[in-house]
Amino acid sequence: MFFYTGIPVMMAAAAVVMDLRTARVDNGWILFCMAAGLAMRILANGIIGVFWYFTGALIPVVLLGWLFVFRMLGPGDIKLLSVIGGIIGAGEIVKCILGAMFIGAAISAALLISNGNICQRFLYLWSYICQTARTGKRKPYYQKGMLPLENFHFTVPVFLSVLLYAGGVY
């Protein structure tokens, strides 16, 4: 049981610390977690564990890849979710992704309310959508120089969602 709950929590916790310190999740950490998760899946399920690992690992890429294309979500967040998905499985990672999105939305709403710039942020989003549709060119949604609170680290909602999963909430 610790394999499916405790290890993903520790992996996500380390990723949060990295992300908060350096604004990125180290690829070395992701590779280590992938190798460890794959090895544990093989030990637990035999050679079929390879299939189950990669099935769970591909779900975040398929569901969230478009957010990376528009630079609305970082690659480290998707890779972290893929590592966790490989360990906990395809069905469970969908629940964690939905939980992380809900937690992220709540954090975003709290930041928008506390900053008092809800209208400004929605106008920025609308302008971004219109410009992308008009020009057909994708540019990063995130702009350098934005206030730090307007761009929070999604590893935090991912970690909180994995904690809720480990705690049996879903």
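These figures come from a predicted structure and were not determined experimentally.
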**Report entry** Stepwise side-chain contact (heavy atoms from CB on, under 4.5 Å) test for Ser82 and Val61
**Finding:** CA-CA 7 Å; Ser82 289; Val61 175; 3.6 Å; yes
In terms of hydrophobic clusters joined by side-chain contacts under 4.5 Å, are [X] and [Y] together?
X	Y	result
Val50	Leu58	no
Val69	Leu73	yes
Phe51	Val62	no
Phe102	Leu163	no
Val162	Leu63	yes

Is there side-chain contact between [X] and [Y], with heavy atoms separated by less than 4.5 Å?
X	Y	answer
Met11	Val83	yes
Phe159	Val9	yes
Phe3	Pro8	no
Phe54	Leu38	yes
Pro157	Phe154	yes
Met72	Tyr128	yes
Met101	Leu64	yes
Tyr165	Glu92	yes

Would you name the heavy atoms of [X] and [Y] that are closest together and state the gap between them?
X	Y	result
Gly76	Val25	CA-CB, 4.3 Å
Tyr4	Ala44	OH-CB, 4.2 Å
Ile59	Ala90	CG1-CB, 3.8 Å
Arg41	Ile88	NH2-C, 3.9 Å
Pro60	Ile93	CG-CG1, 3.9 Å
Ser161	Ala100	OG-N, 3.4 Å

Query raised in the report: So, the side chain of Ser114 versus the backbone of Leu111: is there a donor-acceptor pair under 3.5 Å, distance only?
Result: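 Looks like yes, one N/O pair under 3.5 Å.
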Separation between [atom1] of [X] and [atom2] of [Y], rounded to the nearest 0.5 Å:
X	Y	atom1	atom2	answer
Asp77	Leu67	CG	CG	10.0 Å
Trp52	Ile42	CH2	CD1	14.5 Å
Asp26	Asp19	CG	CG	11.5 Å
Arg24	Thr155	CZ	OG1	12.5 Å
Met34	Trp29	CE	CH2	13.5 Å
Arg134	Ile129	CZ	CD1	12.5 Å

**Report entry** With Tyr170, the side chain to side chain contact (heavy atoms under 4.5 Å, CB included) member among Leu164, Leu98, Val94
**Finding:**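 It is Leu164; the other options fail the test.
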Requested in this report: Give the C-alpha distance, both sets of side-chain angles, the deciding distance and a yes or no for side-chain contact (heavy atoms from CB on, under 4.5 Å) between Ile7 and Met40.
Outcome: CA-CA 10 Å; Ile7 297 210; Met40 288 184 284; 3.5 Å; yes
